[in-house]
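Quick note on labels: first sequence line is chain A, next is B, and so on, each numbered from 1.
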Protein chains: 2
Amino acid sequence: MNGATTSGELRAHNRVRLLRAVHDGGATRTRAQLTRDLGLARGTASVLVAGLAEDALLHEEPAPEHTRGRPTQVARPHPDGPLALAVDVREDAWELAACELGGDAHVLEVRPHDGTPRGALGPLGEALAEQTRRHGHRVVGVGVALAGPVRLGGLVDVAHLGWRSVDVPRLLDLPAPVPGGAPIVGNDTAFAALAEARRGLLRGVRVGLHLHVDFDLGGVLVVDGRPLDGANGTGAEFGHMPLGGGGRPCACGATGCWGMDVGANALLRQAGLAYGGGQGREQAARVLEAGGPPLAAAARALGRGIAALVNAHDPEVVTLSGLGVDVLAAGRAALLEAYGPGLMAIRRDRPPRVEPSALGWRGALLGAMESVFDAFLTPEGLDRWRLSRA
Amino acid sequence: MNGATTSGELRAHNRVRLLRAVHDGGATRTRAQLTRDLGLARGTASVLVAGLAEDALLHEEPAPEHTRGRPTQVARPHPDGPLALAVDVREDAWELAACELGGDAHVLEVRPHDGTPRGALGPLGEALAEQTRRHGHRVVGVGVALAGPVRLGGLVDVAHLGWRSVDVPRLLDLPAPVPGGAPIVGNDTAFAALAEARRGLLRGVRVGLHLHVDFDLGGVLVVDGRPLDGANGTGAEFGHMPLGGGGRPCACGATGCWGMDVGANALLRQAGLAYGGGQGREQAARVLEAGGPPLAAAARALGRGIAALVNAHDPEVVTLSGLGVDVLAAGRAALLEAYGPGLMAIRRDRPPRVEPSALGWRGALLGAMESVFDAFLTPEGLDRWRLSRA
DNA sequence: GGCTTTTGTTCACGGCTAGAGCATAAACTG
DNA sequence: CAGTTTATGCTCTAGCCGTGAACAAAAGCC
């Protein structure tokens with residue numbers, strides 16, 4: 001999001017600004033609103049919109065509601081406009097969706113898998129190739145969310161599935177590079193946080209903290225609408241700090257990791273059940289519903305860890321997604337009981353709110369979409385689009 | 001650093017870019033270099049430099065070295081150019097400096113104080129007023145570094161000095177607001193990190209971690225050259241996460257804070273000496289020099305905590321300032337012994353380097369300067385300057 | 001049906017940067 | 001020492017961009 005420095009770049013920069021405003025607003029805002037919000041002259045907006053419409057990037061339709069005055073148009077995604085393919089790969093299944101500018105996601109396929117890299121990624125690669133053939137140049141990128149740290153280049157580790165340095169782009173084996181380049185592979189927590197920042201409770205928040213609970217716990221700081229992804233792309237791993245206090249060895253190689261005390265695995269362990277290997281989602285849900293000591297222990301661990309992170313980073317809001325929503329709903333009292341005393345005194349008068357994500361389990365998928373459009377909604381991305389249509 | 005959107009803003013934006021390049025380069029780069037680095041046409045650079053020189057923002061001098069071809073000029077700070085007043089307020093003394101564009105800091109005064117808010121800030125306020133009178137409109141801002149969390153508006157807590165919500169701007173009681181507005185009050189760790197990002201080892205680093213050790217421990221993440229300051233300005237408090245494992249109550253109100261195991265206070269405590277109240281800097285230094293168990297314990301605690309933060313944030317480099325430089329020098333073995341095992345396995349092949357700051361104890365002062373110039377090197381700041389000279 | 005309100009379109013204008021051509025000032029060459 | 005080479009600075013024109021005002025359009029209101 002850096003600025004133009006020459007008068008030639010100004011046009012490209014403003015095209016991007018306008019299209020991003022359309023996307024961020026869910027493709028529901030009228031041209032008059034956009035003109036005002038971006039501080040453009042009406043004439044400028046006229047030229048920009050005409051250009052974007054000609055490039056099949058948007059399409060104007062009469063606004064459904066009028067008050068007085070000349071009716072305005074809403075900027076909608078163009079029927080031949082760009083598509084983002086987004087995938088959420090969980091431990092037991094994946095979900096594939098096609099997304100239009102504005103953020104509408106059409107789920108195309110949900111398929112269970114056996115937990116092996118090949119078993120999960122082979123069929124997914126075929127499905128992606130099929131969609132890319134079908135939609136041709138409209139596909140501007142592929143985003144894939146995965147439940148583990150992702151190093152630059154797409155090497156993924158999912159400790160409790162036994163994935164070690166799995167080369168996701170290679171296993172997906174996409175035939176021709178889509179216009180947007182190689183698939184964007186990312187951590188599910190980071191993507192969920194991105195979605196939360198764009199379309200959830202972290203929207204407009206300068207510093208927020210997002211925690212995603214599933215079998216494990218992931219967490220990431222969101223600054224100015226951007227999750228911090230670290231130097232190698234593996235920066236959403238708050239679960240692997242020794243905030244729990246215990247000395248139990250973690251599958252990640254360190255000891256005492258916070259994540260071991262919070263997720264589905266922790267619930268199963270506390271209830272005396274078998275855990276690990278990405279199995280037992282339903283059982284964990286039952287343990288959670290039953291309440292009692294396992295839930296209280298997880299909620300307390302969550303609260304204590306959140307307090308530590310709030311001390312360190314001073315976020316404005318803390319959001320929880322995945323299983324965290326349910327832990328918060330069922331164990332709020334225990335969570336707050338550990339949260340308060342863990343805070344520095346100066347943070348206690350106005351502690352940041354801890355809230356369930358507005359996006360539920362769709363966060364990772366929507367975040368994968370956003371990351372594709374983030375790469376597309378740049379002067380370079382729009383240039384590529386223009387060329388691919390010529 | 002957001003961009004221009006109208007052709008009118010382009011000029012202002014490029015003035016800022018040029019002047020910032022001069023400042024960041026230490027006012028040693030030649031006009032030809034600047035032109036190339038910023039990707040400007042020679043004609044554009046000509047106009048911009050002429051404008052900045054006329055506004056007394058910079059001053060061209062012949063370059064000392066030539067190769068071949070027409071000799072170029074170096075852009076130096078103008079003799080009547082903007083000045084930043086920067087202060088580092090420690091527990092036992094403060095230091096005041098006047099800084100030119102480019103980063104040269106002339107120390108004006110170092111004065112011990114008694115540790116009370118009034119005793120420390122009263123004389124400092126007078127010194128600042130005196131300098132503001134002397135230099136008139138040249139003073140574009142005042143930056144003050146303090147050894148505790150600083151909330152927006154300048155309310156400061158220094159737990160072990162007994163400072164509670166001390167209103168620093170009010171106690172400084174600057175007569176007329178300087179052109180730059182109210183003094184910029186900030187945490188010493190955050191300022192040290194800022195300096196490190198601009199003129200130290202974190203320069204050009206996308207994600208870095210800076211830890212400042214004094215009596216306590218402060219730490220902050222540096223992303224794209226900017227320390228993350230939190231929603232209320234109090235985001236440099238990594239020392240108040242329970243990474244140590246102990247349950248000892250901390251002066252901050254929480255328990256088990258990491259900072260209690262690392263700084264000068266920890267060294268004194270481990271050696272069986274009295275600690276707290278901002279006293280005992282020399283004794284702590286002697287404990288450190290003596291080596292042995294107190295040093296080893298502090299170094300191990302530091303290493304273990306760094307590993308946790310590296311796991312969570314995936315920084316490229318970790319830098320240490322203040323007493324951390326000495327702990328690293330004398331206790332590197334113990335530190336690394338705890339650092340490695342605390343890392344996730346995937347981080348162990350290429351763990352981030354842990355390095356002593358290049359700026360030593362001057363970091364906080366230089367960071368205070370940078371924060372003043374950050375506010376000045378904006379289109380608005382340069383406009384104010386223009387008006388104040390008219 | 002005329003008036004008001006709001007929005008879209010068109011166009012002249014001023015401002016900005018790029019780039020080319022020319023001037024300048026040194027170091028190098030023989 | 002004079003001509004050549006190289007790098008830089010200056011000046012001017014062309015092309016592009018956004019602004020803002022005037023005008024047209026399309027509704028709701030009385």
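Residues of residues 47-64 of chain A that place a heavy atom closer than 4.0 Å to DNA chain D do not occur.
Among the atoms of the strands shown, none is found under 4.0 Å from any heavy atom of B:Thr35. Contacts of A:Thr44 with the nucleic acid, taken as non-hydrogen atoms under 4.0 Å apart, include base atoms. Base contact: A:Gly43 has a heavy atom under 4.0 Å from a base atom. Within the 4.0 angstrom heavy-atom criterion, only backbone atoms of the sugar-phosphate kind lie near A:Arg11; the bases stay farther away.
Residue A:Ser46 places no side-chain N or O under 4.0 Å from the OP1 or OP2 atom of C:dG8.
Following rounding to the nearest Å, A:Leu38 (CG) and D:dG18 (C1') show an atom-to-atom distance of 14 Å. If you measure from atom CZ of B:Arg17 to atom P of C:dC16, you get 15 Å, rounded to the nearest angstrom. Look at CD on A:Glu9: it is 12 Å from P on D:dG18, rounded to the nearest Å. Between the NE2 atom of A:His13 and the P atom of C:dT17 there is a distance of 15 Å, given to the nearest Å. Taking atom CZ of A:Arg15 as the reference point, atom P of D:dC17 lies 11 Å away to the nearest angstrom. Distance CG (B:Leu18) to C1' (C:dT17): 14 Å, rounded to an integer number of Å.
Looking at A:Leu101 and A:Val22, their side chains never come closer than 4.5 Å, going by heavy atoms from C-beta outward.
Taking the nucleotide of DNA chain C with the nearest heavy atom to each of A:Gln33 and B:Ser7, the more 5' of the two is matched to A:Gln33. Annotation: of the two residues near DNA chain D, B:Arg42 and A:Arg42, the 5′-most nearest-nucleotide partner is B:Arg42.
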Using a cut-off of under 3.5 Å, enumerate the N/O to N/O pairs linking the protein to nucleotides 3-6 of chain C.
| from | atom 1 | to | atom 2 | distance (Å) |
| --- | --- | --- | --- | --- |
| C:dT5 | O2 | A:Gly69 | N | 3.4 |
| C:dT6 | O2 | A:Arg70 | N | 2.6 |

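Judged as a salt bridge (charged side-chain N to carboxylate O under 4.0 Å, His left out), and not counting sequence neighbours, the contacts of B:Asp37 are B:Arg29. Partners of B:Arg70 according to the salt bridge (charged side-chain N to carboxylate O under 4.0 Å, His left out) rule, which considers only residues two or more places apart in sequence or in another chain, do not exist here. For the side chain to side chain donor-acceptor pair (under 3.5 Å) test, residues two or more places apart in sequence or in another chain that qualify with A:Ser357 are A:Glu196. Taking A:Glu100 as the reference, nothing meets the salt bridge (charged side-chain N to carboxylate O under 4.0 Å, His left out) condition, with sequence neighbours excluded.
No salt bridge links B:Arg389 with B:Asp80; every basic N to acidic carboxylate O contact stays at or beyond 4.0 Å. A salt bridge links B:Arg206 with A:Asp229: the closest approach of a Lys/Arg side-chain nitrogen to an acidic carboxylate oxygen falls below 4.0 angstrom.
Taking every side-chain heavy atom of A:Arg31 into account, C:dT9 is the closest of C:dG14, C:dT9, C:dT17. Side-chain atoms of B:Asn14 lie closest to C:dT17 of the nucleotides D:dC10, C:dT17, C:dT9.
The distance from atom CZ of A:Arg134 to atom CG of A:Leu83, rounded to the nearest 0.5 Å, is 11.5 Å.
In this structure a side-chain-to-backbone donor-acceptor pair under 3.5 Å is missing from A:Arg199 to A:Ala358.
A:Trp385 and A:Phe376 have perpendicular rings, their planes meeting at more than 60° on a 0 to 90° scale where under 30° would count as parallel.
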